Structures are given as C-alpha cells and as structure tokens.
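Residue numbers start from 1 in every chain, and the chains themselves are labelled A, B, ... in the order their sequence lines are given, proteins ahead of strands. Nothing here was measured: the structure is a model prediction, and the numbers come from that model. Basis for what follows: all heavy atoms, side chains included, without hydrogens, waters or symmetry-related copies.
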There are 2 protein chains.
Amino acid sequence: MDEILEGFERRDQTALARAISLVENQRDGFERVLAHAYARLGKDGARRIGITGPPGAGKSTLTERLIQQFRGGGVRVGVIAVDPTSPFTGGALLGDRIRMESTGPDPDVFIRSMATRGSHGGLATTTEEVADLLEAFGFERILIETVGVGQAELDIAASADTTVLVLVPESGDAIQTLKAGVMEAADVYVINKSDRPGADKLRHEVAVMLGMRHRSPDSWEPAVLETVATTGEGIGELGAALERHYAYLQGSGRLAAGRRNRLQRRLRAVVERAVRQWVWDATRAEELVAERLDDVAAGRESPYDVAAEILQQLKSGAPG
Amino acid sequence: MDEILEGFERRDQTALARAISLVENQRDGFERVLAHAYARLGKDGARRIGITGPPGAGKSTLTERLIQQFRGGGVRVGVIAVDPTSPFTGGALLGDRIRMESTGPDPDVFIRSMATRGSHGGLATTTEEVADLLEAFGFERILIETVGVGQAELDIAASADTTVLVLVPESGDAIQTLKAGVMEAADVYVINKSDRPGADKLRHEVAVMLGMRHRSPDSWEPAVLETVATTGEGIGELGAALERHYAYLQGSGRLAAGRRNRLQRRLRAVVERAVRQWVWDATRAEELVAERLDDVAAGRESPYDVAAEILQQLKSGAPG
C-alpha cells in the first residue's frame, strides 16, 4: 500500500495502474488510496470530458484524435474506457498499440479500460474515483468513454464537466431515444462519419430536437458538429467547442455548482457503499440471508420479514 | 392501510392502484402490503413476461395484441409499462382507452405505467414488487414492458420468467449493441414491422449472432419470430413460443432455479433498501453529509473520512 502511494508520488504509471485495480476491485485499503488522491484534486484546472454514443459510432477513433490534439498542446491526457465494445478494451496491450501508432510512446498519455460487469450499480461512482486517481496523478484532461444511449450510460458520462454524444448517420435507435426524452441533454453533439449519406439530415434532426427543448436564456446552447474521425476532419472544431463549453461553465459559475452537485451525490453513494460493505462483510446479514432463503422461497416468510430482522440486529449494535 | 388490504381481498382495482402507488413511492407501510402480497404468490401458475426493445419498435401494440390473445383464452392479464415512451404512459386514461378499444371494459385486464426517474437504481426491485401485487391480486400473466437495449433496461425485463426482445428492421444500434455482447440474451426475439424492407436481413443477422453464442446442449434455443403487430400477424406464433419457453423452463427445472436466483438477488436488494432508508431517515447521516459538504468540496476532508465517521456512529449504535 505504501509502495503504491510512493510510486504514485513519483508519477510511476505501474503504481497508478495498481492503484486503479485496487479501487476497481474495492480491495482492502482502496479508500485510503482514494482519500490520498482526493487531497490532490482541483489544483491544476483539470477537466473531465465524457464521451458516449451507440456502439460503432467511432468514439474510440474520436478519442484517439482528441488525445493527439491535446498532446499537440502539451496537455497530459488520461482515458477511461467504460466500454466493452471499445478497441481499447484489450487493456494495456491495445492501449500501448494505439499510443505507439498515433502519438509514439508517451508517458503523458494513459488509457485504462474498466469492466462493466458485476459493479452492482456502483459503476458511476467507481468511474469518478478512477478519474480522481488520474487527475491526482497529474493528467489535465480526463476522457471518459462509455457506450450506449440509455440513462445508465449517460449518467457515467455526465459525471464529467462536459458530455459529448457521438452519433452516426445510422443511429436510428439513438435518435428515437433522444426524441423520446429518455436521455438528458449532452453539451456537445458530434455527427461522426459525416461523409456518409444522411449526415446532414441527422444534424438537422438533432438541431430540431434541441430547438424543441425548453432552455433558460442563460443556459448553454448545445453545439452540433460534424466530424470524420478517421481523417481528423472536424476535430479542431470539436476541440474549440470543448473550450467554449468550459469557458461557459467557468463564466456562469456552473463549473463549481455542477461539481458540488455531483460531489453531494457521490458523497451519499460513498456512504451507502461503506454501509453496504459493513452489512455484508462484517455482520451476520449474509448468513441470515443464506439461512432464510429456503423459507422465503417456500413463501413461509417474506423478504420483508428477513430485512426487518437484519435491520433490528444492526440497530441493536449486534456484534459482527 | 387496512382499507387497502381489505379492498385488495375484494379484488377492487382501486385498492390495487393505491397499493401500487404506496409501493412505488415507498410510503409508510409499503413493506406490510408487500409481505401480505408475498404470501399469496406462486399458487396459480402465474407467469411473468418481460418485453423490451428500442423506442418505436411497436412494443405497446404488440403488448395489446398479447392481451387480446390471453383474454381470448380467459386468462387474466396485468401490464407494467416501465417505459416513458409507451403510449400507455398517460396512465389510467390511456389504459382505459386501450382496453375499451381492443377488448372492451374488462375487469381482468389492468395496465399500470411506472415512473423511471428518481428511482435511485432500485427500479428493478420496485418493478418486481409491483408484479407481486398484480400476481397476488389474481393476474395470471404479468407483462413487463421496458424500453431500451442497455443493460439496465434488460435487467428489469429479465426479472421475468421469459424475456422478449422486440426489434424492427431499422434497429441498427440495437443490433450493434447485441453484436457487441453488451446485452444478455433474450429468450424470444421478435422482428416486428416485418412487412418493411430489411426484415429478413435482420432476422438472418439475429440468427447468425445467436448461432455464434456458446450454448450448452440442454439450454433453450432462442426463438426468432416475425410479427406485424398492427395487423396481428405472427401473434399466434409469439403466443406459442411463450408457451414453449414456459414448458422448457418447467421441464428443465429452470423455472424454479431461475426464480430462486432472482429471489436471492432481490432479498439482498430489499435488505439494502431497508438499511439505506434507516441510515438516511433515522440516523444522523443526512445531517452529517450536509454539515460536511463544504469541507469536502474545499478538499479539507475526503468523502471517505465522512463515510468512515458515519459508519462508526452506526456501528456504535448511536441513537437515531
């Protein structure tokens, strides 16, 4: 543990990777590492950018282009790919390949894939915590790539300061979902693969859909851009839109307000996780659930009877 | 409360609606109502069928056709529409209209829309609980309609005995998601609006995708069907596939095994919810979070310090 923290201070990427694994698997001491990282946040104007969209929209290529652009400006970039379909998903090996190809071996780029299974609904919190580690380590832009246009996927991307939604002319279902108002708004809409038929139509549809939303006069007007990530077309404009949105957030006070809101939500999530771990790992709850499952399955008692009993034991300070 | 339980016994739909609201909003006494319902489950061979798919796939029309078919056989049908885009979503009024149009005013059909927001990730559990109420009330088929092809949406549909995924020839993103392995398998795949171009191609793609999955020899071979819900074409085949799957579940022992697995997951979820409610409503946790948010936002302490302190107080049995 001390070794990890020490390596972290030396900006050793191996220590960073180990710290991330510790947090991802919530192994002993993960909260200590996170508290350590937390104390180092918010000092260098680091920004978090969420990138989401349906599979096949070209998010990874777009991310790679953004990395190049940021690196061209001397900015350190960390990437979290919460995306089982991402070409990054192969882990370090593919991550290395991409770095080699596009920017050369570069100590100021770090790409990490995260598993999406078995996270018990805590994936948004874990992603924020891994982003903390990257920011504390010294990365100035944290890109968080998720896949899907459902509420859960967007919640993760929306833990960033700026959310980018990537669509392609074929994104029929995504557009249906947007129209249906299932999704919260993104800040920047990218029509990628815009050299394909239907791009202008899609751009128009997105603009109409955004036009129908109620917005207060001082709120951000979402940017709608066209890109061809494979050739790099439109990436400059995307970078500029990200800058504009960040300037808007700062100027309007919404950067601090948004971060505080997210922090409040997260503080509650961290408390709930700690309580959950205590209940299942250090009390008799797990044992009771196992003992009583047969009775519950047979209808002899209800889940609510069992829950009430466990709660009673917790309240009475029953020994673990 | 007693009035609700009494009305429930009399099979009064107003009492059922009130019981559902109580559970949905987790108001005082909701667990008592659920324990009451729980004791009445599993007696009449009731089955739960989850129906999911992207918006615009025609799930509601398909559901309406299934209702007609079940009613034709004298079977009582309850519907839960967890779908902000569903035409059912207008609530009782639209539900009534649909019943009037398609089956006449029928006391053995009940349609209920559920809100998807503000559910704190507990939507799958609440949906199962509302299904309990419907089953305990005497409905023999419970249809659970959700929208989306993300993991969260499918988790809800998968709390049923049989999961139906509805696609349309335009479902490009949905197919991408399926190919990417983001989703767990459904039991029955329906290509709806199959009179449109591309239906056969989609059916072929789904079949290829299913063929690539590893399956043990005794596992269910997913059915792939074409329907035109607006005309009723293929609904008979869908009904037959649902019967076949149920017979498979019974014959293979997977009906009981699946229900027991789901029950175990749910028992844990119910315990966690009870603990969460206790922590936030009956201890000083909420107050502490509010008091310390400024310090956490300023980086003077970490979320983990606050969580540790709250946990310490819970463990020591601090008074609420």
Side-chain angles (χ1 to χ4, degrees), chain A residues 31-32 34-35 38-39 41-42 54-56 84-85 116 121 147-153 170-174 176-177 179-182 259-260 263-264 266-268 270-276 278-280 285 289 292-293 296-297 299 302-308 310-311 314-317, chain B residues 31-32 34-35 38-39 41-42 54-56 84-85 116 121 147-153 170-174 176-177 179-182 259-260 263-264 266-268 270-276 278-280 285 289 292-293 296-297 299 302-308 310-311 314-317:
Chain A
E31 287 173 316
R32 191 179 144 209
L34 284 170
Y38 192 82
L41 298 184
T85 72
T116 57
V147 68
V149 288
Q151 192 58 49
E153 293 76 20
E170 296 81 8
S171 298
D173 300 341
Q176 287 287 341
T177 310
K179 278 186 188 161
V182 176
R259 286 179 175 177
R260 191 186 163 93
L263 186 61
Q264 187 167 25
R266 176 168 155 197
L267 184 46
R268 291 179 61 101
V270 166
V271 169
E272 289 185 1
R273 180 177 62 195
V275 170
R276 218 157 47 224
W278 166 57
V279 168
W280 296 120
V289 163
R292 311 289 279 281
L293 183 60
V296 175
S302 81
Y304 313 97
D305 302 324
V306 177
I310 288 174
L311 191 56
L314 295 178
K315 281 182 184 171
S316 69
Chain B
E31 288 172 317
R32 192 179 143 209
L34 285 170
Y38 192 82
L41 298 184
T85 72
T116 57
V147 68
V149 287
Q151 193 57 51
E153 292 76 20
E170 297 81 9
S171 299
D173 299 341
Q176 287 288 339
T177 310
K179 278 187 188 160
V182 176
R259 286 180 175 176
R260 191 186 164 93
L263 186 61
Q264 186 166 25
R266 176 168 156 196
L267 184 47
R268 291 178 61 101
V270 166
V271 169
E272 290 186 1
R273 180 177 62 193
V275 171
R276 219 158 47 224
W278 166 57
V279 168
W280 297 119
V289 163
R292 311 288 279 282
L293 183 60
V296 176
S302 82
Y304 313 97
D305 302 325
V306 177
I310 288 174
L311 190 55
L314 295 179
K315 282 181 183 170
S316 68

Nearest 0.5 angstrom please: B:Asp305 CG to A:Glu31 CD, how far? 10.0 Å
Could you check which of A:Arg292, A:Arg32, A:Gln264, A:Arg260 has the highest count of heavy-atom pairs closer than 4.5 Å to chain B? A:Arg260
With a 4.5 Å cut-off on heavy-atom pairs, point out which of B:Ser302, B:Gly42, B:Ala285 contacts chain A the most. B:Ser302
With side chains defined as the heavy atoms from C-beta onward, is the minimum distance between A:Val279 and B:Glu272 less than 4.5 Å? no
Part of A:Arg266 lying under 4.5 Å from any heavy atom of chain B: side chain
Parallel under 30°, tilted from 30 to 60°, perpendicular over 60°: which one fits the rings of A:Tyr38 and B:Tyr304? perpendicular
Measure the shortest side-chain to side-chain distance between B:Leu293 and A:Leu267 over non-hydrogen atoms and say whether it is less than 4.5 angstrom. yes
Write down the atom of A:Leu263, the atom of B:Pro303, and the distance for their closest heavy-atom approach. CD1-CG, 4.5 Å
Can you tell me which portion of A:Glu170 sits under 4.5 Å from chain B's heavy atoms? Options are side chain, backbone, both or neither. backbone
In terms of heavy-atom pairs under 4.5 Å with chain A, the winner among B:Ile310, B:Val306, B:Val275 is B:Val275
Look at B:Pro54, B:Gly299, B:Ala39 and state which one has the largest set of heavy-atom pairs under 4.5 Å with chain A. B:Pro54
Least distance between heavy atoms, A:Val270 atom then B:Ala307 atom: CG1-CB, 3.8 Å
Interface moiety of A:Leu41 toward chain B, non-hydrogen atoms closer than 4.5 Å: neither
Applying a strict 4.5 Å limit to non-hydrogen atoms, the region of A:Arg273 in contact with chain B is side chain
